[in-house]
Amino acid sequence: MSEVYRLAQLEDAERLLHVVYEAYVTIRELDLHWPAAHADLALIQDNIISNECYVLDVDGEIAATVTLSKGDEVKSITPFPFIKWFAVDPAYQGVGIGNKLLSWLEQTIIKEKVGAAAVTLATAEKHPWLLAMYERRGYERLHVFDFENGDGPMHLLRKIVNPIQYEAQSVEM
């Protein structure tokens with residue numbers, strides 16, 4: 001099995017639309033208002049252009065994706081990078097593909113390339129397993145907010161990827 005981590009290209013948009021749509025079935029069933037869950041081809045293309053959208057190719061096919069946001073969604077709360085649109089094609093779920101992609105992103109992109117001590121992401125409290133999954137991966141609850149759009153409490157989570165750097169920055173603050 002060959003695995004390639006890379007930035008998504010516009011020609012990947014149709015496959016990414018399929019991956020995200022299929023992976024976000026539960027999000028739609030829960031009636032969560034997440035843009036990725038209701039994305040069309042134009043939104044997928046915009047995500048590729050406007051952010052750093054990474055994919056994990058398995059044997060030449062996109063199996064999973066995650067996006068490092070270039071926006072300022074959480075800048076008022078934390079200076080750490082924010083990731084979103086994490087999705088694993090259901091055909092590849094349960095075999096560690098998502099774990100591999102997140103680990104690669106945390107170490108290779110967030111810690112080494114960006115040079116950040118930690119990374120953040122957000123998820124809904126009412127999702128039956130996402131909050132617990134991220135906490136098992138070492139993410140800690142940082143902030144709770146509610147957009148009052150029916151999604152209920154949303155949790156901003158943080159994972160420290162470089163403890164020495166994080167401690168040094170904490171002392172400076």
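As the structure is a prediction and not an experimental result, all values here were calculated from the model.
- Among all heavy-atom pairs drawn from Pro153 and Val144, the shortest one is CB-CG1, 4.0 Å.
- Separation of atoms CG (Leu121) and CD1 (Ile83) is listed at 5.0 Å; rounding is to 0.5 Å.
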For Ile62 and His18: C-alpha separation, side-chain torsions, deciding distance, then whether side chain to side chain contact (heavy atoms under 4.5 Å, CB included) applies. CA-CA 10 Å; Ile62 295 173; His18 169 79; over 6 Å; no

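- Between the side chain of Lys70 and the backbone N or O of Glu52 there is no donor-acceptor pair closer than 3.5 Å.
- Judged by distance alone, the side chain of Lys84 and the main-chain N or O of Ala122 form no donor-acceptor pair under 3.5 Å.
- Although no hydrogens or angles enter the test, the distance criterion places a donor-acceptor pair under 3.5 Å between the side chain of Thr120 and the main chain of Pro81.
- Distance alone, capped at 3.5 Å, places no donor-acceptor pair between the Asp57 side chain and the Glu3 backbone.
- Ring centroid separation for the pair Phe82 and Phe80 does not come in under the 6.0 Å cut-off.
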Run Tyr139 and Val119 through side chain to side chain contact (heavy atoms under 4.5 Å, CB included) and show every step you take. CA-CA 9 Å; Tyr139 285 82; Val119 63; 3.6 Å; yes

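- Side-chain contact, Glu73 with Ser69: a donor N or O sits under 3.5 Å from an acceptor N or O.
- The aromatic rings of His127 and Trp129 sit perpendicular to each other, their planes meeting at more than 60°, with 30° as the lower class boundary.
- For the atom pair Leu130 CG and Thr123 OG1, the distance stands at 4.0 Å (nearest 0.5 Å).
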With salt bridge (charged side-chain N to carboxylate O under 4.0 Å, His left out) as the test, would you mind laying out the steps for Glu106 and Lys159 before giving the verdict? CA-CA 9 Å; Glu106 293 161 358; Lys159 181 176 183 178; 2.8 Å; yes

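- Using a distance-only test at 3.5 Å, with no hydrogens or angles considered, a donor-acceptor pair links the side chain of Asp12 to the main chain of Gln9.
- By the criterion of side-chain heavy atoms lying less than 4.5 angstrom apart, applied directly or through intervening Ile, Leu, Val, Met, Phe, Trp or Tyr residues, Tyr5 is grouped together with Val114 in one hydrophobic cluster.
- Within the 4.5 Å cutoff, the side chain of Leu142 has no heavy atoms near those of the Leu157 side chain.
- Under a 3.5 Å cut-off, the side chain of Asp151 and the backbone N or O of His33 do form a donor-acceptor pair.
- A side-chain donor-acceptor contact under 3.5 Å links Asp40 to the backbone of Leu43.
- A donor-acceptor contact shorter than 3.5 Å is absent between the side chain of Arg158 and the backbone of Thr78.
- In this structure, Val66 and Leu102 have side chains that are in contact, with non-hydrogen atoms separated by less than 4.5 Å.
- Side-chain N or O atoms of Asn51 include none that pairs as donor or acceptor with a backbone N or O of Thr67 at under 3.5 Å.
- Listed by chain and number, the residues in a ring-ring contact (aromatic ring centres under 6.0 Å, His included) with Tyr54 are Trp104 (sequence neighbours excluded).
- Summarising the geometry, atom OG1 belonging to Thr65 is positioned 9.5 Å from atom CZ belonging to Phe86; distances are rounded to the nearest 0.5 Å.
- Separating the CG atom in Asn162 from the CD atom in Gln107 is a distance of 8.5 Å, to the nearest 0.5 Å.
- Take Glu14 and apply the salt bridge (Lys or Arg N to Asp or Glu O under 4.0 Å) test, not counting sequence neighbours, and it matches no residue.
- Side-chain contact between Glu167 and Ile160: absent, with no pair of heavy atoms (C-beta onward) separated by less than 4.5 Å.
- Between the side chain of Arg28 and the backbone N or O of Ala37 there is at least one donor-acceptor pair closer than 3.5 Å.
- Side-chain contact between Glu135 and Arg141 is present, with at least one heavy-atom pair separated by less than 4.5 Å.
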